[in-house]
J.: 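I have a structure I would like to understand better, so I am pasting it below and will then ask my questions one at a time.
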Number of protein chains: 2
Amino acid sequence: MTNRIFNFSAGPAVLPGDVLREAQQNLLALPGVGMSILEISHRSKPFEDILAGCEADLRALAGIPDGYKVLFLQGGASLQFSMVPMNILTSAGSADYVVTGAWSQKAVKEAKRVGGVKIAASTEAENFTRVPRQDELTLDPGAAYVHYTTNNTIFGTEFHYRPETGSVPLVADTSSDMFSGPIDVSKYALIYAGAQKNLAPAGLTLVIIREDMLARTPKSLPTMLQYPVHVENGSMYNTPPVFAIYVMRLVLAWLLRQGGLAAIEKVNQRKADTLYAEIDRTEFYKGHAAADSRSRMNVTFRLPSEELEKKFAKEATAAGLDGLKGHRSVGGIRASIYNAFPAEGVDALVQFMREFEKKNG
Amino acid sequence: MTNRIFNFSAGPAVLPGDVLREAQQNLLALPGVGMSILEISHRSKPFEDILAGCEADLRALAGIPDGYKVLFLQGGASLQFSMVPMNILTSAGSADYVVTGAWSQKAVKEAKRVGGVKIAASTEAENFTRVPRQDELTLDPGAAYVHYTTNNTIFGTEFHYRPETGSVPLVADTSSDMFSGPIDVSKYALIYAGAQKNLAPAGLTLVIIREDMLARTPKSLPTMLQYPVHVENGSMYNTPPVFAIYVMRLVLAWLLRQGGLAAIEKVNQRKADTLYAEIDRTEFYKGHAAADSRSRMNVTFRLPSEELEKKFAKEATAAGLDGLKGHRSVGGIRASIYNAFPAEGVDALVQFMREFEKKNG
């Protein structure tokens with residue numbers, strides 16, 4: 001693919017080249033359909049097949065058990081921050097939230113509009129350099145659910161264990177590491193993910209919900225915010241984001257061709273190990289995340305000065321390594337290396353880091 | 001464009017060939033950017049330029065006055081059915097709703113969850129074959145707003161006048177005829193449209209809101225449902241549907257190249273006149289809509305029997321005229337001929353109708 005650069009953006013993010021090429025090839029007319037995917041009715045047979053195929057591939061990849069519903073929604077994780085408590089907390093209850101960054105804080109804010117919220121743990125005092133250990137979680141056995149964020153895009157931390165919550169339903173925002181490795185769906189009551197990092201272009205939200213959760217929804221909610229309505233209508237209560245679902249289908253097919261989630265996890269681990277090894281090799285680069293909480297998706301690090309960080313980002317962009325500027329709440333550099341990010345891009349960054357250190361160290 | 005057929009779908013619907021070709025050409029990498037529009041960060045300069053250009057073109061095309069905000073949201077008209085009353089009705093107030101079909105009925109249902117609703121008029125008893133006249137509207141001078149649906153996709157009716165509501169704010173769902181002709185935005189307090197008919201692929205919702213309406217929003221609403229939040233964040237409170245906004249930009253540029261809204265209205269009028277003339281030519285075809293309420297976007301008609309209607313739709317599909325089956329609540333045939341639907345497609349349908357009548361009349 002000529003004229004393409006390495007895209008380290010935190011999301012929307014890089015998609016597999018194969019996916020882009022197939023989408024491009026069929027953009028004027030889907031084979032045998034005679035219309036673009038941008039034009040076909042969501043009630044048409046070709047789209048019904050795409051939606052059904054998408055769900056089948058999701059179920060195959062993640063081993064989603066019977067008794068779980070898969071939904072294709074809009075509004076991103078930001079709308080899920082409200083939909084989750086509106087549907088399964090309700091005003092009489094209380095939920096436990098594990099706070100590990102800006103996104104979990106936003107989730108807490110929206111949950112508080114609905115009902116009671118207890119903070120099971122927070123690493124804010126440490127500027128979110130790590131996620132809490134299981135023994136640090138204060139869990140309420142009567143909680144409506146426990147909510148946590150599996151990967152923290154901004155801070156570059158990730159849970160390397162799944163919180164044990166006993167009989168309390170576990171809810172996870174997996175927006176930034178969904179399908180970066182195997183996930184045991186049976187341990188969760190509800191999983192949601194904005195799709196624009198590992199799964200699809202922006203504009204699509206994936207929700208996987210255990211059926212018993214559907215009984216909690218108050219019928220007074222706006223129809224569009226009721227999970228059971230979307231379940232009953234097979235994600236077609238209103239017009240779904242057709243194109244984003246089509247691209248997700250292509251991404252899932254690509255994941256299957258890579259060998260599935262266990263195989264992609266190995267690739268992701270290798271990419272992350274390569275980058276963290278470079279950070280650990282020298283005092284010039286300093287990782288933001290504590291070693292036991294390092295994210296395999298978003299690698300955050302600092303340089304000796306903000307001036308050098310600016311120079312680094314600027315020269316990297318000029319060298320075809322784009323999107324490396326860190327989020328303002330952490331500063332420094334952030335390299336997002338999702339599923340579709342090529343290993344050669346990581347190698348190119350490591351090479352760039354060495355040369356930059358030689359010139360400026 | 002080889003292998004393309006005529007797409008009479010009610011939405012998602014046909015897009016201009018020029019738009020599809022440009023989107024296809026740049027799908028691997030935007031010129032000068034090196035990344036696909038499906039991959040770029042919504043915080044990047046290239047996307048900021050697309051979003052700003054989109055708003056500028058919208059303002060130029062429709063002459064949107066200062067004092068109006070333009071929002072690019074998700075969730076379609078279905079989510080607007082709730083967002084409108086949640087933001088500008090509130091529980092103490094009452095709003096007037098004009099009921100002209102299934103979509104206005106859904107809007108009423110959601111508004112009732114929030115506050116008082118009075119039905120200003122309904123043509124349900126006549127199976128929505130027409131929209132009410134101004135003198136049939138019972139308007140409450142103390143209403144929070146008056147809501148109506150400018151075009152009724154399912155029934156094939158359209159308002160050919162704008163309801164006069166005095167000092168009461170006017171709210172319009174223009175999902176299916178937005179930008180099919182000039183619109184005097186200054187007469188409205190709020191206009192919303194799911195974009196998937198005349199403006200863009202599915203997954204994008206356009207909202208145009210007069211600034212004084214923003215003061216009504218209760219701060220207790222979920223953040224994602226507050227219009228002022230989206231205004232303050234320039235439609236970037238969360239990740240917007242990047243690709244759909246990009247395609248809308250291409251569609252707006254195409255509209256400007258056609259000569260703008262007055263020019264496209266003439267084209268639309270000619271297409272609709274051609275089709276209605278064929279319906280009126282013979283007793284074999286019978287239009288669903290009353291003459292004074294005929295939609296220029298969705299032309300609905302019946303044949304002498306349901307058997308013939310099935311045969312018509314089937315043979316039309318085989319002849320490359322797709323998506324003509326009517327909605328189940330009306331039956332018969334529906335030909336949706338939005339802005340991008342080519343005049344040759346209307347001619348081809350008229351030709352097909354004549355031949356079908358000859359063989360089956």
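Reminder, nothing fancy here: chain letters follow the sequence lines and each chain counts from 1. Note that the structure is a prediction, hence the values are computed from the model and not measured.
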J.: Heavy-atom pairs under 4.5 Å with chain A: which of Val19(B), Val14(B), Leu38(B) has the most?
T.: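 Winner by heavy-atom pair count: Leu38(B).
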J.: Output the option from Thr223(B), Val114(B), Leu73(B) having the highest count of non-hydrogen pairs under 4.5 Å with chain A.
T.: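 Option with the greatest count: Thr223(B).
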J.: May I ask you to decide if Gln226(A)'s main-chain N or O and Asn87(A)'s side chain share a donor-acceptor pair within less than 3.5 Å?
T.: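 Not a single qualifying donor-acceptor pair exists.
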J.: What pair of heavy atoms forms the shortest contact from Ala107(A) to His147(A), and how long is it?
T.: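 The pair with the smallest heavy-atom distance is CB-CE1, 3.8 Å.
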J.: Name the region of Leu79(A), side chain, backbone, both or neither, that has any atom closer than 4.5 Å to a heavy atom of chain B.
T.: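 Contact with chain B: backbone and side chain both.
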J.: Can you tell which part of Met83(B) gets under 4.5 Å to a heavy atom of chain A, answering side chain, backbone, both or neither?
T.: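 The answer is neither part of Met83(B).
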J.: Show the nearest heavy-atom pair for residues Val108(A) and Val117(A), with the distance to one decimal.
T.: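 Nearest pair, atom of Val108(A) first, then Val117(A): CG1-CG1, 4.0 Å.
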J.: Search all heavy atoms of Ser176(B) against all heavy atoms of Thr153(B) and return the closest pair with its distance.
T.: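 Scanning both residues, the minimum pair turns out to be OG-OG1, 3.4 Å.
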J.: Heavy atoms only, distances under 4.5 angstrom: which of Lys109(A), Gln196(A), Arg43(A) has the most pairs with chain B? Name it, please.
T.: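 Highest number of heavy-atom pairs under 4.5 Å: Gln196(A).
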J.: What is the minimum heavy-atom distance between Phe81(B) and Trp103(B), and which atoms define it?
T.: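 Looking at all heavy atoms of both residues, the closest pair is CZ-O, 3.6 Å.
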J.: Tell me, side chain or backbone of Pro240(B) under 4.5 Å from chain A's heavy atoms, or both, or neither?
T.: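 For Pro240(B), the backbone is the part near chain A, not the side chain.
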J.: Heavy-atom pairs under 4.5 Å with chain B - which of Leu204(A), Leu221(A), Ile37(A), Leu225(A) has more of them than the others?
T.: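 If we count pairs closer than 4.5 Å to chain B, Leu221(A) comes out on top.
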J.: Between His42(A) and Phe47(A), is the ring centre distance below 6.0 Å?
T.: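 Judged by ring-centre distance (under 6.0 Å), His42(A) and Phe47(A) do not meet the cut-off.
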J.: Taking every heavy-atom pair that is under 4.5 Å apart, which of Ala13(A), Ala10(A), Ser36(A), Ser9(A) has the most such pairs with chain B?
T.: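 Of the candidates given, the most pairs with chain B belong to Ala13(A).
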J.: Given a strict heavy-atom distance threshold of 4.5 Å, which part of Ala23(A) is in contact with chain B: side chain, backbone, both, or neither?
T.: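 For Ala23(A), backbone and side chain are both near chain B.
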J.: Using non-hydrogen atoms only, which part of Lys219(B) is less than 4.5 Å away from chain A: side chain, backbone, both, or neither?
T.: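 For Lys219(B), backbone heavy atoms alone lie under 4.5 Å from chain A.
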J.: Consider only side-chain N and O atoms of Asn198(A) and Asp177(A), and report whether a donor and an acceptor are under 3.5 Å apart.
T.: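 Result is no, nothing qualifies.
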J.: Which residues in residues 321-330 of chain A have any heavy atom lying under 4.5 Å from a heavy atom of chain B?
T.: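 The stretch touches chain B at Asp322(A).
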J.: Work out which heavy atom in Ala316(A) is nearest to a heavy atom in Phe352(A); give both atom names and the distance.
T.: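 In terms of heavy atoms, the two residues are closest at N-CZ, 3.4 Å.
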J.: Please round to the nearest 0.5 Å and tell me the distance separating atom CG of Asn339(B) and atom CG of Leu199(B).
T.: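 If I round to the nearest 0.5 Å, the distance is 8.0 Å.
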J.: Which atom names give the shortest non-hydrogen contact between Val242(B) and Pro12(A), and what distance separates them?
T.: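 Nearest heavy atoms, Val242(B) then Pro12(A): CG2-CG, 4.3 Å.
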J.: Go through Pro201(B), Ala200(B), Ala202(B), Ser78(B) and name the one with the most non-hydrogen pairs under 4.5 angstrom from chain A.
T.: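 Answer, by heavy-atom pair count under 4.5 Å with chain A: Ser78(B).
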J.: Find the one option among Ser82(B), Ser44(B), Ala77(B), Pro222(B) whose heavy-atom pairs under 4.5 Å with chain A are most numerous.
T.: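 Greatest number of close heavy-atom pairs with chain A: Pro222(B).
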J.: Judged by modelled atom types alone, do Asn298(B) and Ser336(B) share a side-chain donor-acceptor pair under 3.5 Å?
T.: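 Looking only at side-chain atoms, Ser336(B) and Asn298(B) do form a donor-acceptor pair, the distance falling under 3.5 Å.
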J.: For chain B, find which of Gly75(A), Pro241(A), Ala244(A) contributes the most heavy-atom pairs closer than 4.5 angstrom.
T.: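 When all of Gly75(A), Pro241(A), Ala244(A) are compared, Gly75(A) has the most.
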J.: Just checking Gln25(B): does its CD atom have more than 12 heavy atoms from other residues, nucleotides or ligands closer to it than 6.0 angstrom?
T.: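 No.
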J.: Between Arg113(B) and Glu110(B), does any NZ, NE, NH1 or NH2 come within less than 4.0 Å of an OD or OE carboxylate oxygen?
T.: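 Judged by the 4.0 Å cut-off on N to carboxylate O distance, Glu110(B) and Arg113(B) do form a salt bridge.
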J.: Anything in residues 227-239 of chain B with a heavy-atom distance to chain A below 4.5 Å? Please list those residues in order.
T.: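 At a heavy-atom separation under 4.5 Å, chain A is reached by Tyr237(B), Asn238(B), Thr239(B).
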